[in-house]
Amino acid sequence: MVQRFCQPIHVTMSAVSPNVSNLPIQGKEASTRVSMSELDRLRHSCAHVMATAISRLWPDAQFAYGPPVENGFYYDLECSHRITPEDFPRIEEEMRKEIEADHPFERIEVTREQAMQDALRGRLGALQERPGQPSRYKLDLLQQIPEGEPITYYRNGDFIDLCAGPHVASTGRIGAFKLTSVASAYYKGDARNPQLQRIYGTAFPTREELERYFAMLEEAKKRDHRKLGQELGLFTLDPDYVGPGLPLWLPKGTVLCEEIEKLAKETEFRAGYLRVKTPHIAREKMYLTSGHLPYYADSMFPPMELGDEGEAGTAEGAPRVRYYLKAMNCPHHHRIFAAEPRSYRDLPLRLAEYGTCYRYEQSGELFGLMRVRCLNMNDAHIYCTPEQFAEEFNAVNQMYLEYFRIFGIERYVMRFSTHDPARLGEKYVNEPELWRQTEDMVRQVLKDSGIPYVEVPNEAAFYGPKIDVQVWSVIGREFTLATNQVDFAVPKRFGLVYRDRDNTDKTPLCIHRAPLGTHERFIGFLIEHYAGNFPLWLSPEQVRVLTVGDDPQARDYAASLVRELREHLVRVSADYEPVPIRAKIAAAEAAHVHTILVVGPRDRAAGQVSVRVHGKGNLGARPRAEVIADILAAIRERRP
RNA sequence: GCCAAUGUAGCUCAGUGGUAGAGCAACGGUUUCGUAAACCGUCGGUCGCCGGUUCGAAUCCGGCCAUUGGCUCCA
């Protein structure tokens, strides 16, 4: 079904995370006949009021869609005037007038003929008729309303809009509002359509709620991974010298990478994975065989060309050879599979690697650590028989759940992307039976394990169905953290086979999986998730020992504490500066050190240390051995 | 890639055509101190880059680069 009017599309999905309505749902698969929440109704009404105000200021404005969204509303429009945030006060002033006028939102049902005529006269999304300026987007929307469905206007004052509603009773019912930003958007989200101006705003029933929302945004800014990453010295971006989207991991951020990698290695070792290591580049032939070239060449760094002068081992005048930076690890792993004859007894074969890939993401897409051009992927490929598939796939899902538990990730949903049979042989590999089988198996595994999921048709990879794991950071940002894909096409392209019981060669299925996604995105997420307050096992600086005063004996005592902790591989530092303890505490807290151990003459005399944990304040003095044992246990158990 | 906004010291930010500023950090000194910041001083900038207007540009104009908000894309 086609998205209609200025009405938003809201899909109610039970049995999944309550935040699933944030998912980018395409209109085509959504129902328009779902009721709007009170708040959405208010916000959508506010969008009409904004359109009213903009029409007063710039009568040639042409409106398209104006739905409520998660945190407010927007309206897409075309207008000879380029609206900027400087215009907001004027627009808001007009909006206030419209709200004070308290015009009722009047629902008017009209015939298709009537609506067509009004649209042609420019009367829709407008204050009056605009001869010679048809309401072209409304006209287009009108034509998409199926025969037999009622066609309705909503009118407030002189402003009439083609809209399915619903709205609040009158403009006066809109409480507190504020315009927030301008952006551009393609009409109907299609790059071939004209670009419209999108004006974002938000609205709440009361002024207090509006203020609370902006206060919350301020708080969220403090947890932004880009800000914390820089404050805590985790990573840096150096677009001039290194390049856009190519993060440099600083020593403290590298600790995070390595701790996570350690966790992955341990988990995968227990699950029977074998580790491999592969180069960062490969010949063009690799990606011609995999099918990534030429279709995905735009997303890869341009090739390096060798030849003529004689690559080592090639003859003079040999043809040029192209090398590409790898954008994915699978082809390399496939070649490892191909490196020796495989028997069904070898399967499932699980090859794992924290592989470094390079993708030439579009410049406008780069975003802190979340969208980069160099990514370290928690990758693995599981080669298995169709009989083994369900069990292997389920084991992968269980691994996801285990990671979610360790990291305390509670808001997540799995997006199960399936193919569209109509596009077999075009967007999707033409293997109807394999598509059906694997999608059924994946669906069954998801159902059996009770994992929240949504099924999204026509978004599969070209070689098989996939699952994208979406999580929400505490500041409400949604991320696709990890991916889990079935591949029944590429192994065949590489001619991968195993010798089965019946002494014939068969092509294995391949599961691509990356539960921890990439270091870049996962750590970006964790920074916001923990607000920079990592659990002890992850903390770049786990312990800092501070001395009170300048007593040499206390200092020796502190130094022995540091030695002992370091001997146990605890990341410990010391601050012996002769400055007030308050200042040293403040510095350690500001650096988000997890555990602060304060030792002075009193502690030394008693064989104790004073413990202070970031965010928990002073926990008092305890015996030295006990404190050390506790720290080591918390690290070993990866306590949250 | 598209539309828009932004770019001043390591960081956060002031500075609307007339000699580039503050706080924090860093550095030097004083202070000898028990749980979130003692005091004094010093250093620090080709105002993103290139060009234009002007007697004179951080400031006005144009181009480019980068970042950000969206859009498109995402094997």
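Source: prediction; values computed, not measured. In what follows, every chain begins at residue 1, and chains take the letters A, B, ... in the order their sequences are listed.
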Check the interface with nucleotides 23-28 of chain B: list each N/O to N/O pair with the protein under 3.5 Å, or write none.
none

Near RNA chain B, which residues from residues 541-561 of chain A have a heavy atom under 4.0 Å away?
A/V548, A/D550
So how far is it from A/M286 CE to A/I281 CD1, rounded to the nearest 0.5 Å?
10.5 Å
Side-chain-base donor-acceptor pair under 3.5 Å for A/R371 and B/rC74
yes
Please assess A/H512 against A/Y463 for the test ring pair (Phe, Tyr, Trp, His ring centres under 6.0 Å), listing each intermediate value before the final yes or no.
CA-CA 11 Å; A/H512 306 237; A/Y463 48 65; 5.1 Å; yes
Taking OP1 and OP2 of B/rA37, is either one under 4.0 Å from a side-chain nitrogen or oxygen of A/R582?
yes
So, does the side chain of A/Q195 form a donor-acceptor pair with the base of B/rC2 at under 3.5 Å?
yes
Closest-nucleotide mapping onto RNA chain B: is A/A590 or A/V599 further toward the 5' terminus? I mean the 5' end.
A/V599
When only distance counts, do a donor and an acceptor, one from the side chain of A/S610 and one from the base of B/rG34, lie under 3.5 Å apart?
yes
5' precedence on RNA chain B between A/D240 and A/A327 (nearest-nucleotide basis):
A/D240
Identified pairing partner of B/rC39, criterion: Watson-Crick or G-U wobble below 3.5 Å
B/rG29
For the side chain of A/S184 and the base of B/rA4, is some donor closer than 3.5 Å to an acceptor across the two?
no
Contact class for A/Y186 vs. all strands (heavy atom < 4.0 Å): base, sugar-phosphate, or nothing?
base
Hey, is the side chain of A/R198 pairing donor to acceptor with the base of B/rA4 inside 3.5 Å?
no
Any side-chain to backbone donor/acceptor pair from A/H419 onto A/G464? Under 3.5 Å, distance only.
no
Reckon A/E231 touches a base, only the sugar-phosphate, or nothing at all at heavy-atom distances under 4.0 Å?
nothing
Considering only heavy atoms and no angle criterion, is a donor-acceptor pair shorter than 3.5 Å present between the side chain of A/D603 and the base of B/rG34?
yes
With a non-hydrogen cut-off below 4.0 angstrom, is A/K466 in contact with a base, only sugar-phosphate, or nothing?
sugar-phosphate
A/F367 and A/H225 aromatic ring geometry - parallel, tilted or perpendicular at 30°/60° bounds
perpendicular
